[in-house]
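Throughout, protein chains are lettered first and strands after them, A, B, ... in sequence-line order, and every chain is numbered starting at 1.
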2 protein chains.
Amino acid sequence: MQVVLNQPAIRINMHDLLLKSISEKIRIASAEETRIKEFFIPKKVRKKQYILNAGDVCQYITFIERGMLRSFTVDDDGNEHVVQFAVEGWWISDIGSFLSGDSALYNIEALEDSEVLNLTKPAMDDMMDQLPPLERYFRLLMQNNIVALQRRVIAYMSLSAEEKYLKLMDVCPDIISRAPQQYVASYLGITPETLSRIRKQVASRK
Amino acid sequence: MQVVLNQPAIRINMHDLLLKSISEKIRIASAEETRIKEFFIPKKVRKKQYILNAGDVCQYITFIERGMLRSFTVDDDGNEHVVQFAVEGWWISDIGSFLSGDSALYNIEALEDSEVLNLTKPAMDDMMDQLPPLERYFRLLMQNNIVALQRRVIAYMSLSAEEKYLKLMDVCPDIISRAPQQYVASYLGITPETLSRIRKQVASRK
DNA sequence: GAAAGCACTTGATGTAGATCAAGTGCGCTG
DNA sequence: CAGCGCACTTGATCTACATCAAGTGCTTTC
């Protein structure tokens, strides 16, 4: 079955969403699009496959053309904590490790069979040297990331479990419906039992 | 009394910490230091004075040469949530509002009489045009900010109130001792009563 | 120096969510 | 298609922290 939610039925080109993401933020010419593609390494990833192990160095940042991934940490008691979901059109990485060369804090795992585009640090530096407007693209990504993380910190500080869930459903209903619920619970910092109860309560109020 | 914690007894120059912060991350020449200073607007801020009101547009980012500030949000029930403390050598702003021109989410208030350096967006753009290595400095700031925010999200998700407190005391003991305890509690997402109990417990174990 | 205001501490009680333990349902495999 | 494994749901009980209410201590003001 080739039809994927929010995707055109037929994928013409492996880099479509990447170029769309970039052109939404900065202006790029057709010749530049061809150049950009050359810096990326296409890769297919199987459901449950890890693309990053905590403790290794994160060697590339990953753009998702199809599928879904999650990044997560494992605490001292062996509990997993989902830090991020990423789907078509989104980036995922351990950015601290990628940029500093330190050990990664996160594992990154595919939740569905996926197709991704990887960008190594040397390729990224080359690309920005040769196409300077890309610097602005990545700066905007970082800024948006900071704003999103700050909002998430505030939500953790100030909202009840149900309020967090409802807010998340407001912002990304499709992702949350698509992701395994135990991981949604983990992302919200609550147990699967609590999430199940909240969902039941919310449904009974409709 | 002119002696301030962690500060030389006599302040020679209003931009000392700023230049130190920058030169720790990128290489700058003496002539460039003089140029950099010119983009910043020095300002004295009184204890309890607001330098940003939520709802306004954040017009400048602020570097602290002396003193302490906090940024915080006020929720629908009127509760304050401290998002950040900033002291000498640190930056503070509502970065989303600063860069996009949207309304600020945060209030920023001085917790002590302070001296700060403000940098408007036009001045920032000019400065980076004329001194391109500064782009790298601000990029590194953003990267460090992302890493710190991610760690904070994980802490909220996975640690108990006491663990969060102990971790914070490990990382910035001086700031936490210097800040009013009610705001420390707010920063940790716990009540002042709980923080008081934790502190008592921890002290009784020494 | 006394009084007022407010931050911090302490005690009692309440509660949102965690933990533990089964039961149910869904997807995958042979 | 049947069986197995595991995700999700449900019920009971527990607990870390919130809430409420005073008491104590510190700082500021007159």
Q: For residues 146-166 of chain B, which residue pairs qualify under salt bridge (Lys or Arg N to Asp or Glu O under 4.0 Å), counting only residues two or more places apart or in two chains?
A: B:Glu162-B:Arg205
Q: Does any pair with a residue in residues 117-127 of chain A pass salt bridge (Lys or Arg N to Asp or Glu O under 4.0 Å), and if so which ones, sequence neighbours excluded?
A: A:Lys121-A:Asp125
Q: With ring-ring contact (aromatic ring centres under 6.0 Å, His included) as the rule and sequence neighbours excluded, what pairs involving residues 135-185 of chain B come up?
A: B:Trp91-B:Phe138
Q: Quick one: side-chain hydrogen bond (donor to acceptor under 3.5 Å, both in side chains) partners of A:Arg197, sequence neighbours excluded?
A: none
Q: Can you name the side-chain hydrogen bond (donor to acceptor under 3.5 Å, both in side chains) partners of B:Glu38, sequence neighbours left out?
A: none
Q: Let me check something: any side-chain donor-acceptor pairs from residues 49-57 of chain B under 3.5 Å, sequence neighbours excluded? List them with distances.
A:
from	atom 1	to	atom 2	distance (Å)
B:Gln49	OE1	B:Arg46	N	2.7

Q: Sequence neighbours left out, what passes side-chain hydrogen bond (donor to acceptor under 3.5 Å, both in side chains) with A:Lys20? Give chain and number order.
A: A:Glu24
Q: Where do B:Tyr106 and A:Gln150 land on the side-chain hydrogen bond (donor to acceptor under 3.5 Å, both in side chains) test, with the steps shown first?
A: CA-CA 11 Å; B:Tyr106 310 125; A:Gln150 283 174 341; 3.1 Å; yes
Q: Pick out the pairs of N or O atoms, protein on one side and nucleotides 14-20 of chain D on the other, that lie under 3.5 Å.
A:
from	atom 1	to	atom 2	distance (Å)
D:dC17	OP1	B:Ala161	N	2.6
D:dA18	OP2	B:Thr191	N	3.4
D:dA18	OP2	B:Thr191	OG1	3.2
D:dA18	OP2	B:Thr194	OG1	2.5
D:dC20	N4	B:Glu193	OE2	3.0

Q: Reading DNA chain C from 5' to 3', where do the contacts with chain B start and stop? Cut-off is 4.0 Å to heavy atoms.
A: C:dA7 to C:dA12
Q: Under the side chain to side chain contact (heavy atoms under 4.5 Å, CB included) rule, collect the residues that match up with B:Asp76, sequence neighbours excluded.
A: none
Q: With sequence neighbours excluded, what pairs up with A:Thr62 under the side-chain hydrogen bond (donor to acceptor under 3.5 Å, both in side chains) test?
A: A:Asn118
Q: Please work out which residues in residues 68-80 of chain A have a non-hydrogen atom less than 4.0 Å from an atom of DNA chain D and list them by number.
A: none
